[in-house]
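Each chain gets a letter, A, B and so on, in the order its sequence line appears, and its residues count up from 1. The structure displayed is predicted, hence computed values, not measured ones. Values below: all heavy atoms of this structure, side chains included; hydrogens, waters and symmetry mates excluded.
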There are 2 protein chains.
Amino acid sequence: MPRARSAPTLDDVARQAGVSTATVSRCLNSPERVVERTRTRVLSAVEELGYTPNFGARVMAARRTFTIGAIIPTMENAIFARGLQAFQEELHTRGYTLLVASSAYRPEIEEEQIKSLVARGADGLLLIGYARDAGIYDYLRQRAIPTLVAWAFAPDSTQPCIGFDNRASMQALTDKVIAMGHSRIAAISGILEGNDRAQGRLQGIKDGLRHNGLDPDSLIVVETPYEIEGGAQAFDQAIAGKERPTVVMCGNDVLAAGAMRRARELNLSVPDDISVTGFDDIELARILTPPLTTVHVPHRKMGRRAAVELVKMVEQDSVGLSEQLQSSLKLRGSLKPLT
Amino acid sequence: MPRARSAPTLDDVARQAGVSTATVSRCLNSPERVVERTRTRVLSAVEELGYTPNFGARVMAARRTFTIGAIIPTMENAIFARGLQAFQEELHTRGYTLLVASSAYRPEIEEEQIKSLVARGADGLLLIGYARDAGIYDYLRQRAIPTLVAWAFAPDSTQPCIGFDNRASMQALTDKVIAMGHSRIAAISGILEGNDRAQGRLQGIKDGLRHNGLDPDSLIVVETPYEIEGGAQAFDQAIAGKERPTVVMCGNDVLAAGAMRRARELNLSVPDDISVTGFDDIELARILTPPLTTVHVPHRKMGRRAAVELVKMVEQDSVGLSEQLQSSLKLRGSLKPLT
DNA sequence: ACCCGCATTGTAAGCGCTTACATTTGATTC
DNA sequence: GAATCAAATGTAAGCGCTTACAATGCGGGT
């Protein structure tokens, strides 16, 4: 059993194989440039010593990391899981590694994480939503770090982005809800500050009301963190008024799950006593009872496209193309026409 | 607006502040060693240039990264989210950064990820479960990388580990199930190969049967990946026999959620027609209808303790103490006594 | 036999930082 | 005011790798 020693270096391998460090390096990075006989000798030395290249040193010398960084608001629930999974799979096939950090929806932590990923040499960055301090974009531009925004689409954004229209999607759902006869509507929104997706979704509900001749100011709005418990507590407030709303539209599926749990605890039947809707169509939506009416977002597709585009930006030093994806309505049992 | 330039270096800062690079470095790493006047001058130069230290270079020179790596089997569901969150919070307060990778439950990918994290200079590693190739442990030992195993506890393990007894926990649940009058039991297990937690849990059910005078071989076992869809499909098989089991015990809450969804699709009432149990007690358990009977695991506590212990191993070069945590039963509506 | 040119390998200069050690500064003491 | 010494700062040697450039070896044309 080998004793604890510090890791073997390129030098060790070179000595063991009786070649120069340059040759070893070439064996590892462009094997076709070294003749078969030498290569096998080097590779067996690598094997024998259990050599793993030192990433830091390699980065310094080569000034490329083949690493992409992504900063997502949270890992606590599955909102980003599926899209990120697809993102990383696509990166992997292209020879890149994904580094993920989470910001807990806090701008200052996000900034810290961005700097940390850049310091680690990320060749490119994926960020969620476009709303953030201009200073950060300057910082990224100054260092020429290709950056792509996902989970949101804004045609007028200066940043390339790939995603869907949160506002329009939510308005489409609202139109449907109203068409079913609902008019007393409550919204449980995620925290709006610094979150363009949450803002867009809430705006979508208001636009839907206006579009259908209802007063947007009549909308009951409760703001709460994107957590099940948040949704549960917000539900209490949402139904607290004298006339109970007939439908609670939630900013995402997680909030909706919390709201539905609370409804059950209060012995309110969904959808007989009150309807509930979500947003995202994560797996959760289908296991709720009743299944949740929600907005389906093509997460996997978004992740894949983002990877393709970001790699292109990195490798071709291009500016990045925005792309809008289409969401769709998933009508399920949690939403019922008002009789 | 600054044009794209390559990032400023320590040298640039030193020149701008009119000091040596050593002084700048000290300002950043041990500010008390440099006099106030110089320090402010240096820091404003840092500010002005938007300097961020190059992590790779720093690692190479200092041979420490203050980075801890963790490799978890999946990020797709919330099984590890809560524990990992606590782990990272605790690390953060101690000045460490967490790097997470996922292995998709595949040993060869896990190995690759381990090497990648080591190459990136991780000061320590957190792994899930102890069952893996001995060669990996050798590799880690040779490089003297402190490694802690979590989510499992085995007193005889050579690796320090912190977790709970998967087998005993599941047996406790099984005892309870049998005490409620159930004897036709089906198990929906995660993939057993290479997964000591899944093996332990299944063994716990068998031991429970034996312990109560039932034949362990009568247990219906369906093996499937830890996914909702897996649970749903496995449910079909679990109830396919001529005599339907009265209870389906699932390897975790995610499988249970899938099973319950499928039961509803088949118009089987849980728990009137069939009972279901889970394992983990993630948030999911409480939002299911009916709420899920499961084994509660102190995930946050486990994450925190793991962080504390691993940092201790790194900083004091100690061997690491194992710790066993207690799980507990959460009896909820999905399990009903047989009348 | 000689020279040319290509394929293969070696040499060595950094990449941006930390830190041991050397030097300078300045406060304190007599 | 000179001597002493601790505090502050500077100098420079790497850390482990990649890669431009140099050197070497080899086959083939003359």
Review point. Salt bridge (Lys or Arg N to Asp or Glu O under 4.0 Å): which pairs involve residues 87-103 of chain A, sequence neighbours left out?
Key: A/Glu89-A/Arg300, A/Glu90-A/Arg94

Check your understanding: Rounded to the Å, how far apart are A/Arg15 CZ and C/dG10 C1'?
Key -> 16 Å

**Study point:** Interatomic distance, B/Asp11 CG vs C/dC17 P [rounded to whole Å]
**Key:** 8 Å

Close N/O contacts between protein and nucleotides 5-9 of chain D (under 3.5 Å):
residue : atom : partner : partner atom : Å
D/dT9   : OP1  : B/Thr38 : OG1          : 2.3
D/dT9   : OP2  : B/Val35 : N            : 3.0

Exercise for review: Specify the separation, in whole Å, of atom CZ of B/Phe55 and atom P of C/dC17.
Suggested key: 13 Å

Check your understanding: Between the two ends of the helix from C/dA1-D/dT30 to C/dC30-D/dG1, what is the bend in degrees, rounded to 10 degrees, where each end axis spans five pairs?
Key -> 50°

Check your understanding: Base, sugar-phosphate alone, or nothing: which one does B/Ala62 contact when heavy atoms must sit under 4.0 Å apart?
Key -> sugar-phosphate

Review point. When you measure from the side chain of B/Arg41 to the backbone N and O of B/Ala17, does any donor-acceptor pair fall under 3.5 Å?
Key: yes

**Study point:** Integer-rounded Å distance: D/dC17 C1' and B/Arg120 CZ
**Key:** 15 Å

Review point. Could you give the CG-to-P distance, from A/Asp12 to D/dC15, as a whole number of Å?
Key: 11 Å

Check your understanding: Among side-chain atoms of A/Asp11 and A/Thr21, is any donor-acceptor pair under 3.5 angstrom?
Key -> no

Study note, to complete from the structure: Assign each of B/Ala57 and B/Gly18 the nucleotide of DNA chain D bearing its closest heavy atom; nearer the 5' end lies the nucleotide of B/Gly18

Check your understanding: Near A/Glu47 CD, under 6.0 Å, is it more than 12 heavy atoms from other residues, nucleotides or ligands?
Key -> no

Check your understanding: Counting only heavy atoms not in B/Glu32, do more than 12 fall under 6.0 Å of its CD?
Key -> yes

Check your understanding: Would you say B/Glu309's side chain and B/Ser322's backbone share a donor-acceptor pair under 3.5 angstrom?
Key -> no

Review point. Does D/dC17 have OP1 or OP2 sitting under 4.0 Å from an N or O in the side chain of A/Ser25?
Key: no

Exercise for review: Would you kindly give the CG-to-C1' distance between A/Leu10 and D/dT19, to the nearest whole Å?
Suggested key: 13 Å

Review point. Do the side-chain N and O atoms of A/Tyr137 and A/Thr158 include a donor-acceptor pair separated by under 3.5 angstrom?
Key: no

Check your understanding: B/Arg63 has a side chain; which of C/dG16, C/dG14, D/dC15 sits nearest to it?
Key -> D/dC15

Exercise for review: Output, in order, the C-alpha distance, side-chain angles, deciding distance and verdict of side chain to side chain donor-acceptor pair (under 3.5 Å) for A/Arg120 and B/Thr97.
Suggested key: CA-CA 12 Å; A/Arg120 284 187 142 83; B/Thr97 300; 4.7 Å; no

Practice item. Please state how far atom CZ in B/Arg64 lies from atom C1' in D/dC15, giving the value in whole angstrom units. Key: 16 Å

Check your understanding: A/Asn54 side chain N/O closer than 4.0 Å to the phosphate oxygens (OP1, OP2) of D/dC15?
Key -> no

Check your understanding: Under 6.0 Å from the CD atom of A/Glu193, do we count more than 12 heavy atoms belonging to anything else shown?
Key -> no

Exercise for review: Take atom CZ of A/Arg58 and atom P of C/dG14, then tell me their distance rounded to the nearest Å.
Suggested key: 22 Å

**Study point:** Shortest side-chain distance from B/Met60, nucleotide among D/dT11, D/dT19, D/dG16
**Key:** D/dG16

**Study point:** Main-chain N/O of B/Gly121 paired with B/Thr65 side-chain donor or acceptor, under 3.5 Å
**Key:** yes

Exercise for review: Between B/Ala61 and A/Ala61, just flag the one whose closest nucleotide in DNA chain C comes earlier from the 5' side.
Suggested key: A/Ala61

Exercise for review: Looking at every strand, decide which applies to A/Tyr51 at a 4.0 Å heavy-atom threshold: base, sugar-phosphate, or nothing.
Suggested key: sugar-phosphate

